[in-house]
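The structure appears below as structure tokens.
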Amino acid sequence: MKPSAITPSREQLITLLEYFENGRYDDAEKLALSLSKQFPVDNISLKILGSVLNKTGRGAEAVSVWIKVTDINPKDADSFFSLGNTLQELNRLEEARESYNKAIALKPDYAEAHNNLGVALNKLGILDDAEGKYNQAIKFKPDYAEAYSNLGNTLKELGRIEEAEESYNKAIILKPDYAEAHNNLGSTLKELGRLEAARKSYNNAIALKSDYVEAYNNLGGILMELGRFEAGISAYAEAVTLKPNSKEIIINFSLAVKNVRFNSSKPKLYPIFYNILKKKNFFRPKDLAGPVISLLKHDPLIKDLLDKKNIVISLAEATSIIKDLNKLQLLQHLMRICPIHDLQLEAVLVNLRKVFLKQIKQVKNFPELIYFLSSLCLHCFINEYVYFESDIETQLVKELEIDIKERIIQSEQLELSKILCLASYRPLYEFDWCKRLDYLDEEIKTRLIDEPLKEREIVETIPVLGDISDDISRKVREQYEENPYPRWVNLTISPKKYSVAEVCDSINLNLYSDKIKDVSSPSILIAGCGTGQHSIETASRFSNCQVRAVDISLASLTYAQRKTNELGICNLQYLQADILSLNQLNKKFDIIESTGVLHHMKEPIVGWRVLRELLNSGGLMKIGLYSKLARRHIIKVRQKISALEIGLSKADIRNFRRKLIKSQNKNVYKLTKSRDFYTLSSLRDLIFHEQEHNFTIPQIQDLLDKLRLKFCGFE
């Protein structure tokens, strides 16, 4: 057979190489496929085809091509190396390891293969062997900067931090523009406590690679630790801008700004906060409400509005304000997903709501108004209509309700503004005609009607454990049936799950036994799960866990179950029960978490003892108790409520809250700074609860001694 029948012509191969080198991957792929069919044993066209598939993100297809290449020439070390790289990209690490070893067997001084094998071994957790391979790579290629940097990574994981620093420095000497090595050096210097030096390393990395997301993220953390909060937030913001869908970066940014309160206008941060708040289940929105509100209050539009003594005079002025607020999408989106924890902004919203109610017959619909009223009714729904309403408003709401009902019965067309105005005072799902409002915006219809009605269906599916006979337990159940706590839209779902050992290490627990760290599939009890935030976050935090979540309130549990169903979480089961009945479970747990129940029981130690008996030997228990010291101002307000014999109806709570807002008392002022002041159920839980115990540290120690429990630390 002639050579021309075995291999492509020189001109064909030159054309193929030109396509590949110029990034014309479609043309290169077509020609490579054609040549590989004409010349089945030609390795060059197949190698380029494999490289094209790698470049275009089709690693699984590339693997079969590289295998074919190695079959054609089993003595080609480079082909085994390329196959190993492709397998490693697909995280098929053991196969990659085997392929690199074959490359090295064919070419013992193949430095790149030793280095990449080290990377695979590092990912497999075989750190000592990885170190050896990097050293081999350096032996055969003394100026191999990448191998020095990778060696630094492994040394760092081995806890040999000073050696890691030395290795990164060698990489940088060999390759001064090696951004990754500068970044890795920064992380090592941070561990060594040399924060200023770490900052410089991160800045060097960014100077070399302006879109280096990880370096910006790391720089943000260092700057926050150095107390340079504004610069730290700017660095985090840059990382979020560069990688807006990274859950890890968004969580880091959110944690960094959680307790920050801005003292000047920073419009550049608006789109960043807006995009973060639009993400579902990256972070609890209420944890970002503080920084966002402080930022917005320095916006000229809001500042001018808050500076006015008489916020709203007429419908015309209210309409003008709505058009201005429409320019602040960040504010309106925040309103839609969490309470506004600010009395000044609350006063604006209360006044606007009142004006539109009083003038509803004169209101002319326009897009900005409809959007604002949609935001307002969603906001009032999520704060459970905690805003004060006057007797006149109550009467007007009743008249509006009657008017809407009559027009629905007569199948008349309704102005959206009327429906939305009513929905800012009353929950729509409670009206028997609500299902006929099928022309509502999808978000309004879903959240204000469909979801609450779905919970009514779910209630029949929640299993019940025993009767609730304790008198205090019955009163507490009644409270949470009336006011499930809390109502929420999004929460924090960890981007990855962690073993029990990893969680214990991350919060620096002082364990008295490492037995719990050996549990690979923990059984977890959440005693008092409320509306599901706690239970869902725990079920998403621990790897290979099974969670049983218990609460005394069916209304809370149906909310929790609906949210759990929506999120597709399958390792979480709910049960209605009193803690006092949990011994009927006949089951023990590796971890028990109860952060909001014991202090509301008649005898907290009795409930705690029940939980203690359900804990496996060597297990871990997370308990939340009210602090007598921290709640001194709350205790005084509760005493006042008791003395005045304030009722527990929604109107009673709203009216008393209004008196608190007007009060000059320092205890009351401190109370208004609590986020729990801004929703009806959380306010009732905060100061109107049926039962409450508060504890000192010595009292807690006494309880631990009586229960034969060891204190491992605070989280």
Report task. List in chain and number order the residues that pass side-chain contact (heavy atoms from CB on, under 4.5 Å) with Ala197, two or more places apart in sequence or in another chain; answer none if no residue qualifies. Result -> Leu189, Arg194
Query - N/O donor-acceptor pair under 3.5 Å between Ser556 side chain and Gly530 backbone - result: no
Requested in this report: Compute both the distance and the angle, then confirm whether Lys170 meets the cation-pi test with Tyr148: under 6.0 Å from the six-membered ring centre, within 45 degrees of the axis.
Outcome: no
Query - Contacts of Asp299 that satisfy salt bridge (charged side-chain N to carboxylate O under 4.0 Å, His left out) - sequence neighbours left out - result: none
Query raised in the report: Has the side chain of His114 got a donor or acceptor atom that lies under 3.5 Å from a matching backbone atom of Tyr100?
Result: no
Query raised in the report: So, Ser540 side chain and Glu537 main chain: donor-acceptor pair closer than 3.5 Å or not?
Result: no
Query - Test item: side-chain donor near acceptor, Ser375 and Arg336, under 3.5 Å - result: yes
Query raised in the report: Would you call the rings of Phe695 and His693 parallel, tilted or perpendicular, where under 30° means parallel and over 60° means perpendicular?
Result: tilted
Report task. To the nearest 0.5 Å, tell me how far Tyr485 OH sits from Asp685 CG. Result -> 4.5 Å
**Report entry** Pairs touching residues 237-247 that satisfy side-chain hydrogen bond (donor to acceptor under 3.5 Å, both in side chains), sequence neighbours left out
**Finding:** Asn245-Lys279
Query - Salt bridge present between Glu180 and Lys209 (N-O < 4.0 angstrom) - result: yes
Query raised in the report: For Asp705, which residues count as a side-chain contact (heavy atoms from CB on, under 4.5 Å) partner, sequence neighbours excluded?
Result: Gln701
Report summary line: Result for side-chain contact (heavy atoms from CB on, under 4.5 Å) between Leu625 and one of Thr595, Leu598, Val597 points to Leu598
Query raised in the report: Taking the inter-plane angle between the rings of Trp488 and Tyr559 on a 0 to 90° scale, is it parallel (under 30°), tilted (30 to 60°) or perpendicular (over 60°)?
Result: tilted
Report task. Taking only Lys NZ, Arg NE, NH1 and NH2, and the carboxylate oxygens of Asp or Glu, determine whether Glu131 and Arg160 approach each other closer than 4.0 Å. Result -> yes
Query raised in the report: So, Ser187 and Tyr202: side-chain donor and acceptor under 3.5 Å apart, yes or no?
Result: yes
Distance-only donor-acceptor hits, side chain of residues 212-220, under 3.5 Å, sequence neighbours excluded:
unit_1	atom_1	unit_2	atom_2	d
Glu214	OE2	Asn183	ND2	3.4
Tyr216	OH	Ser210	O	3.4
Asn217	OD1	Asn252	ND2	3.3
Asn218	ND2	Asn183	OD1	3.0
Asn218	ND2	Glu214	O	3.3

Report task. Could you tell me which residues satisfy ring-ring contact (aromatic ring centres under 6.0 Å, His included) with Tyr274, sequence neighbours excluded, listed by chain and number? Result -> His333
